[in-house]
Each structure stands twice: as structure tokens, then as C-alpha cells.
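Since the structure is predicted, the reported quantities are computational estimates derived from the model, not experimental observations. Within every chain, numbering begins at 1; the chains are lettered A, B, ... in the order of the sequence lines, protein sequences first and strands thereafter.
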Amino acid sequence: MGWDAFGLPAEQYAIKTGTHPAVTTRANVATFRKQIQALGFSYDWDREVDTTDPGYYKWTQWIFLQLFKRGLAYQAEVPVNWCPALGTVLANEEVIDGKSERGDHPVVRMPMRQWMLRITAYAERLLGDLEGLDWPEGIKAQQRTWIGRSEGAEVDFAIDGGLGTLRVYTTRPDTLFGATYMVIAPEHALLDAITTEEQRVAVQAYVTQARSRSDRDRTDDSRAKTGVFTGRMAINPSTGAPIPIWVADYVLGGYGTGAIMAVPAHDVRDFAFARAYGLPIRQVVSRDGVPQAEPLEQALTDDGIAIDSGAFSGMATAAFKVAITAWLAEQRIGERKVNWKLRDWVFSRQRYWGEPIPIYYAVVDSAGAPLPAGALQPGDVARLLADGNVRLLADNPIAVPESELPLVLPETDDFAPTGNPEPPLAKCHAWRFFVQDGVWFARETNTMPQWAGSCWYYLRYLDPKNDAALASREAIARWLPVDLYVGGAEHAVLHLLYARFWHKVLFDCGVVQQSEPFQRLVNQGMILGEDGEKMSKSRGNVINPDAMLQVFGADAFRLYEMVMGPLEAVKPWATAGLHGTRRFLNRVHALFDKPVVDAPADDATLRALHKTIAKVGDDTRELRLNTAIAAMMSLLNELVRMAALPRAVAEPFVLILAPYAPHLAEELWQRLGNSESLAWQPWPAHDPALCEDDTVEIPVQVNGKLRSKLTVAKDTPLAELERLALADVQVAKWTADKVVAKVIVVPGRMVSVVVK
RNA sequence: GCCGGAGUGGUGGAAUGGUAGACGCGGCGGACUCAAAAUCCGUUGAGCUUGCGCUCAUGUGGGUUCAAGUCCCACCUCCGGCACCA
């Protein structure tokens, strides 16, 4: 059991009430632990972990240092959501339509120094290794989309006026002849240089407007595309034709080169833009070598046959791509290029309640000289820093030695925002500033995001008390990889991608021996409210497990959750269904009021028992918990008919029931005279011979319709089955004045007669 | 729009290409009870016959097959995810 207890909710509650997040966390953990224990899960509580425990986050920090040493953790200027009114930086989910979720205050995007993790360095492996994983196709597909590999080419376009070249990325280099204009993103570095004097005012106005637009607005597909001509022309290298360079925010600064060649005839976005601004549209791909009638209704984005493309005309798209990429390389104006949508991971948060990042910086004066210890106190250094008399060597981060981990979060009662974009830890002067070798240093004040602790917790389960390593080599060798990971689909990309990334880094560090952490993944479906809608307080359809436990008991509750339907399915709660599982348990209990006898069970009962043992075993392994329970219900329906209960039936029945209804099963086990818990009993064995019946019912079809059933010995020969089928009274009615054309006999299964 | 998943009785859901509706919930009838609840027994897809039976039925329309809920093609609806990524 693990508590992922750092993060926003505890911190926000702390700011609101003044209660330290550690206190809230402790109380919440105690409540949850009690609830979970009441359900009777077989967790190994000796392996309980808590991401906020310094003994745990020591290793979260240790992993960060490994990332840092490998150049996978670095600093960059990244925009954050700064809310002046609240005096704090907000997470993306706290910002709605450019306003803070709390209080509806304006939020501005401002650049800030952040720690980043270079997950992009692992993009290729994160994509490729999905192949071998036993995961739901949907999750794999989501990860592939998120990683977003695309193949294409980069191409240089000469800018008119001797301004050098503008490089674009395209996945359709074969449409180069159809590029009739170019677009660069508003944040493109060359925009200023490209813009002509006549257009400068218009372009600057557009850029300002684009910047104020939230990401959400910018990516709203339904919004009409906007843009402004920069005044500058470029040269299409394939045709030599001058084409205008526009600036438009439908081109993203952060992807590819931040500039595109626009081919309106063969790209829906370029088509819409060209239409809106009256730009030329030139067809260069056709379905069959013949251009479509103009004006075009829409862009033709499919592959096809090149037209009007110089020497390349007539080529199929795939071949053309190869040919033109080679030509571009030859001309030294382009090359093949693979691009990824995946971005590096912003790894710092301006929060108190998270793992401190184990990094510090030298404090230097305006001349760059170290600040000697002197008689200064940490508070004095803070003041010097605030007044600009000293600064931090932010470009030279220094790792906290591993031997000094954990770097513990300072005790404080002031975890409120600082009122400026600095994290709350900046206010903990005595923690932040320290003297080493006679000069001052300052610690990093950003903390890690909540993902950090949950990225690797499965490793800590292996060896949760180990103080010398995150887990011993023996424990890692013994347990990994995780053979079954059950989790919600909401973690499809972020958590599962981050965890895979860290695991691969640890693999490269030699800490773990497999490159993937979770071999098999199953997504349990969400339980909806009784109204079929997502449970939510505002909707008032929330089911409180505690109340259900009170009324129906833990076993009935567990059983109901399992019998509702397939584990993966999203399904609505129905309290009425709980009556069914409770009734089942009552009936099991009543069954044991019958005398338990040592006499052997009759053949039919024995067969039913063994079939059930086999089915419950198979279904449990395959996580078909609903049908496993149904099978036990069926068996019970047989057993209640008996006057006495043979021990040889009662004991295995209790044992297969135990994983599903442990409380009742344990009680019945004791009533059977056992003093030791059934937890130490092996799964009961089933006799395959008893799982097959001697006589079977064979359906007989005539022309595909069921007409009769034969009850015959299991191993009745084919010829005999055919004879019996044709002799059957019911079958004869349908074959009477017809010709039997064919008889298909599937032994033990079915007889199918075809008549004409 | 793209990707993934799902459409089966009144209802939750079962069904290696081989007897559609297992097992529940609910309903109906009966037993017990003064009565109700609980419990137990029976019954329960629709329709026709109320006889042995027959016809229809797994979102829609085609197809493959002796045989299709299951496989193939086209489409509809719902859920989840992504979405100006060139």
C-alpha cells in the first residue's frame, strides 16, 4: 500500500486552514487505511510506503540526481501561470479560460527558470518498447499519439532580400511544388528580421494579440484562422517562384521548425487559410494523374499521383517523398527528418508540499566573487539577494552529495505563497542559505511535481525499509517486472509514460534489469452513480462505501463490485444489486447449518464441485471475477438441495470462496474445525476427469435451425451420432420429403443436417 | 475530424464460429405468517399455439459459412482519449 501524499490538495487545504500539510496527510492516511482495511484486502502492510516520508523521498531525490548526472535534468526558461491577485503560480488545471479557478482572477503567462527532464531523449525507446507490452490497445495507442513520431523532411527556403534561409518541416515533401506561401509562428526568432517596415505595425499588433490568447483559444479548431503578411517573399526551391511569407498562429512555435511551407491544395489548414486570404492554390497531387476541377471544394490530403511537379510528375506519393528528399540533400537545401510531439517534462513546482530538489547554487556578488561567510546570517543573505546586491549562479547548479540525502523539507508554518513568483521555500532562509568552505550557498527552492513520488513507488514496495539503496539487488531480481498492474485509464499517458521513462533511466544506470516496469496492464472501469453519470458531489450521486459496508458488510460489498460486470467496463452502481450478493452470502452461511458429514459426495455433486473449482481458478487468473462468482452461485444452488454437506465438498468450496468473501470464508473454515487460517491453504486441486460429463446433450440442426437435442454418451462415434440424428422424430419431420444433402457432425458438439 | 472501446430481455450482464440470454436484480404465482418483512419453491425475451410445437429476436443493411452475438464490408448511436503537431 502506498500513499501518494504530496501535492496540491494538501497544500491548498493548509493555506486555507493553517494546518500543516503533514498533519492533514497523516489524518487522511489514517482514515483511508482504516477504510481499506475494513474491506479486507490482502495487502502486505509491512510494505506500506508514503511518498512524503523522508525515508522514501530520499530515493526520489536520489533518482533525480542520477537524472542530473546523466544530463537528463536541466534548467530552462519556461512560461508559468502567474496570478498576481493570488500571489502564486498556478498549475494548468487551476487556470480556466485565462482566469484562476479560485477567485476568477486574471492569470498571465510569464517565463521562469524551471527544471526540466529530458524525456525526449527516450522518445524512440518509449515508442518502440510499447510493442512487447501486454497492455490494452487503447492505452498503447494513446501513448503512441502522445509521443507523436512523424517522418518528413526539413527544407530551406531562401528569403528574398538576402536574409538567408527559412527552414520548414514537412511530412509531405512531395508537395513542394504546390507550396504557394509560407507561414511562420508568431514566436519565431526570425519574424522580426523578416518583417518589412511597411508591415511592421500590423505584424507587431498581430503578435501581441496572439500572445494574449490562451493556449486553449489558440488551439480551438473551430476558430477561423488568422494571420498577417510579413511583407517579405521567399523562393520556392522547386519552382523558383516567389511566395509570400505570412505570420499566423495556426503554426506552433514549439513544433518542428516553427515555420511551414503551405500547400493549400493538399492540407486542410492551409486550404482554409488560403481561402480566407485569397492566396493561390496549386494542385500537385491527383488521384489518377488528372487534376480535379477548379476551384477545389476541399484539400486532397490522400496520397496519389504527382502532377505539375517538374521531373517528378507521375510519381506515386511514397516514391516521390524518397526521390525529392534525396534531391534536397543533393542540393544541400534539406534532409530527411523525424519529429516528435513529445516535449520535455517541466519538473519543478513553485510549491511547498513536494520533494525538495537536491540542488544548490553559489551566492556571488556583483563582481562574481563568492560571498564570504563573515558575520552574515541567512536572513541577511536573503536581504542582499532581494536587494540585488548578490545573485545566485543559477547556470551552475551543484548536486547535493548523495550521502547528504534526504534533503528534508524544512519545518515551517509559513507555506503560503510568497506574493511573487518565487516558491514558498524561498522564505525559509535558515534552510535555504548555508555556509560551506567559508562562503554562502543557496538551495533550490522549487519542489518536484506530484508525479515524482508515484513514478517509482512499485520499486520501493520491493524493499521498503532499505536505507542503503532504493531496493536491494536481490529484491529487484526476485520481483520485477511487475506482472500485473491494475490502474485507471486516466493514467494512460502521463503517469505511465513518466514511470516508464524513469524505469528506463534506472535500467541504464544498472539499477533494474528490465527495460519496462509493467508487463501486463489492465484498466479497471470507473463505477458510475446510480443515474449512470460520473459520481460527483455536485450531482449528489456519490455512493459512500462506509455506509454500504455498514448495511451489507464488507464481503457483500466486495462481491458486488466484482460481480457487476467485467473489470474493465464502466458500469453504473445499483444498490439493489447488493441485495443479491448479500443473499448469496446468507445462503452460503445457511448451507453450513446442515450437518457436515465425512461420507463421500455423490457423483453429480462431485462433478459440479470440480467444474466449479476449475472455472473459478481460470476466471480468477484471467480477472473474470464476475463469472467466477456466478459459477460459485450455481454450485451453491446445487448444494442447497442436499440434506447433509460432505466435508470433501465443504472445504474446497470455502477455499475458492475465500479470495472473494474472505471474512465469511475464514469463519466457515473455523466452523469446519480448522484452527489455522485458511490463508495458508493451497488452492484446491480439481480432477480433470470429473470436469467432463459422461453423457452430453447434442443439438441437431436442420438447415441451420435447431430442431432437436440428443442425449448420448460422450464418446458416441460419428456414424452413430449421424444415425441417431436422422432417426430422431423431431428431425424426421423436417427431412421427411426432402433429400439429405449433407450431414456435418462435430463430435461432442453438434449435428447439422442439410436438406434440399 | 482522427484513434481506441462498446451496442444482447424490464435491468446488470453470460456465451472456444456450434443449444443466445449463464448468474444476479426486478416482476409474477405459491408456501410459511393473524399480517407484513425475511426466507423457501416455481415461473419470467416477444409473439402464435396455450397440445408435441412454430415464427421472430444480439444497433442497421449487406456478405462468408452446414452454422454468425462472434468473421468480413458499409453505416448509425453511445462512451473514453487526442485534436491547427505541418
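B:G9 shows a glycosidic angle within 90° of 0 and is accordingly assigned syn.
Remark: C1' of B:G26 and CZ of A:Arg582 are 20 Å apart, rounded to the nearest angstrom. Between the CG atom of A:Leu252 and the P atom of B:A83 there is a distance of 11 Å, rounded to whole Å. The distance from atom CD1 of A:Ile629 to atom C1' of B:C23 is 10 Å, rounded to the nearest whole Å. Following rounding to the nearest Å, A:Tyr169 (OH) and B:C84 (P) show an atom-to-atom distance of 17 Å. Here the C1' atom of nucleotide B:G53 and the CG atom of A:Leu706 are 12 Å apart, to the nearest Å. Atom C1' of nucleotide B:C52 and atom NZ of A:Lys709 are separated by 15 Å, given to the nearest angstrom. Distance A:Trp734 CH2 to B:U55 C1': 10 Å, rounded to the nearest Å. Between the NE2 atom of A:His579 and the C1' atom of B:C25 there is a distance of 10 Å, given to the nearest Å.
Within 6.0 Å of CD in A:Glu720 there are more than 12 heavy atoms belonging to other residues, nucleotides or ligands. Within 6.0 Å of CD on A:Glu533 lie more than 12 heavy atoms contributed by other residues, nucleotides or ligands. Residue A:Glu490 places its CD atom among more than 12 non-hydrogen atoms of other residues, nucleotides or ligands, all under 6.0 Å distant. Remark: A:Lys534 NZ is loosely packed, at most 12 non-hydrogen atoms of other residues, nucleotides or ligands lying under 6.0 Å away. Crowding of A:Glu131 atom CD: a count of heavy atoms from other residues, nucleotides or ligands under 6.0 Å not exceeding 12.
In this structure, A:Trp246 and A:Phe273 have perpendicular ring planes: the angle between them is above 60°, well past the 30° mark.
Mapping A:Ala630 and A:Lys705 onto RNA chain B by nearest heavy atom places A:Ala630 at the nucleotide closer to the 5' end.
B:C66 and B:G61 have their C1' atoms separated by 24 Å, with the value rounded to a whole Å. Separation of the P atoms belonging to B:G10 and B:U44 is 15 Å when rounded to the nearest angstrom. Between the C1' atoms of B:G21 and B:G30, the separation comes to 26 Å (whole Å). Rounded to the nearest Å, the gap between the C1' atom of B:G69 and that of B:U16 is 14 Å. For the P atom pair drawn from B:A14 and B:G7, the interatomic distance equals 9 Å after rounding to whole Å. Spacing of C1' atoms, B:A57 relative to B:G47, comes out at 11 Å, to the nearest Å. For the C1' atoms, the distance from B:C56 to B:C71 is 24 Å, rounded to whole Å. Atom C1' of B:A74 sits at a distance of 26 Å from the matching atom of B:A20, rounded to the whole Å.
Counting heavy atoms from C-beta outward, A:Leu130 and A:Gln143 have side chains that approach closer than 4.5 Å. Within the 4.5 Å cutoff, the side chain of A:Glu722 has no heavy atoms near those of the A:Val751 side chain.
In the set B:C84, B:C23, B:G5, the nucleotide with an atom closest to the side chain of A:Glu137 is B:G5. Distance from the side chain of A:Ser634 is smallest to B:C23 among B:C23, B:U55, B:G81.
Between A:Asn523 and B:G80 there is no side-chain N or O to OP1 or OP2 distance below 4.0 Å. At B:C54, one or more side-chain N or O atoms of A:Arg707 fall inside 4.0 Å of OP1 or OP2 (strictly under the cut-off). Residue A:Tyr255 places at least one side-chain N or O under 4.0 Å from the OP1 or OP2 atom of B:A86.
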Under 3.5 Å, which N/O atoms of the protein pair with N/O atoms of nucleotides 38-49 of chain B?
{"unit_1": "B:U39", "atom_1": "OP1", "unit_2": "A:Arg583", "atom_2": "NE", "d": "3.4"}

Dump the pairs, protein N or O against N or O of nucleotides 7-15 of chain B, anything under 3.5 Å, distances to one decimal.
{"unit_1": "B:G12", "atom_1": "O2'", "unit_2": "A:Met564", "atom_2": "O", "d": "2.8"}
{"unit_1": "B:A14", "atom_1": "OP1", "unit_2": "A:Asn626", "atom_2": "ND2", "d": "3.0"}

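No donor-acceptor contact under 3.5 Å links the side chain of A:Arg749 to the base of B:U19.
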Take A:Asp270 and A:Arg275 through the test salt bridge (Lys or Arg N to Asp or Glu O under 4.0 Å) and record every step on the way to the result.
-> CA-CA 8 Å; A:Asp270 298 343; A:Arg275 270 283 183 82; over 6 Å; no

Decide side chain to side chain contact (heavy atoms under 4.5 Å, CB included) for A:Trp573 and A:Asn541; before the verdict, give the C-alpha distance in whole Å, the side-chain angles of both, and the deciding distance to 0.1 Å.
-> CA-CA 10 Å; A:Trp573 179 268; A:Asn541 61 352; over 6 Å; no

Take A:Ser150 and A:Tyr169, measure what side chain to side chain donor-acceptor pair (under 3.5 Å) needs, and give me the verdict at the end.
-> CA-CA 10 Å; A:Ser150 75; A:Tyr169 171 69; 2.7 Å; yes

Would A:Leu625 and A:Val563 satisfy side chain to side chain contact (heavy atoms under 4.5 Å, CB included), going step by step from the backbone distance to the final call?
-> CA-CA 6 Å; A:Leu625 309 176; A:Val563 88; over 6 Å; no

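Within the nucleic acid shown, A:Lys140 has no heavy atom closer than 4.0 Å to any nucleic acid atom. Residue A:Gln730 is classed as a sugar-phosphate contact, given heavy-atom separations below 4.0 Å to backbone atoms only. Across all strands shown, A:Trp573 has no heavy atoms under 4.0 Å from either base or sugar-phosphate atoms. Across all strands, A:Ala141 comes closer than 4.0 Å only to sugar-phosphate atoms, never to a base (heavy-atom distances). Residue A:Ala489 is classed as having no contact, given no heavy-atom separation below 4.0 Å to the nucleic acid.
Aromatic ring centres of A:Tyr122 and A:Trp345 lie farther apart than the 6.0 Å criterion allows.
Side-chain atoms of A:Lys611 never come within 3.5 Å of backbone atoms of A:Leu609 as a donor-acceptor pair (strictly under, hydrogens ignored). When atom types are taken as modelled, the side chain of A:Thr325 and the backbone of A:Lys321 share a donor-acceptor pair closer than 3.5 angstrom.
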List the protein contact pattern of nucleotides 58-76 of chain B with one symbol per nucleotide (5' to 3'): B for base contact, S for sugar-phosphate-only contact, - for none; contact means a heavy-atom distance under 4.0 Å.
-> --------BS---------

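Nearest heavy-atom pair across A:Thr711 and A:Glu697 is OG1-CG, 4.2 Å.
Checked against side chain to side chain contact (heavy atoms under 4.5 Å, CB included), A:Ala265 has the following partners two or more places apart in sequence or in another chain: A:Ile281, A:Gln283, A:Leu296.
Looking at A:Asp693 and A:Thr695, their side chains never bring a donor and an acceptor atom within 3.5 Å of each other. A donor and an acceptor atom, one from each side chain of A:Asp555 and A:Tyr660, are nowhere located under 3.5 Å apart.
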How is the base pairing of RNA chain B summarised as a dot-bracket string, given the Watson-Crick and G-U wobble criteria with both distances under 3.5 Å, [ ] for crossing and | for another strand?
-> (((((((..(((.....[....)))((((((.......))))))((((....))))..(((((..]....))))))))))))....

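Residues from residues 146-156 of chain A with heavy atoms under 4.0 angstrom of RNA chain B, sorted by number: A:Ser150.
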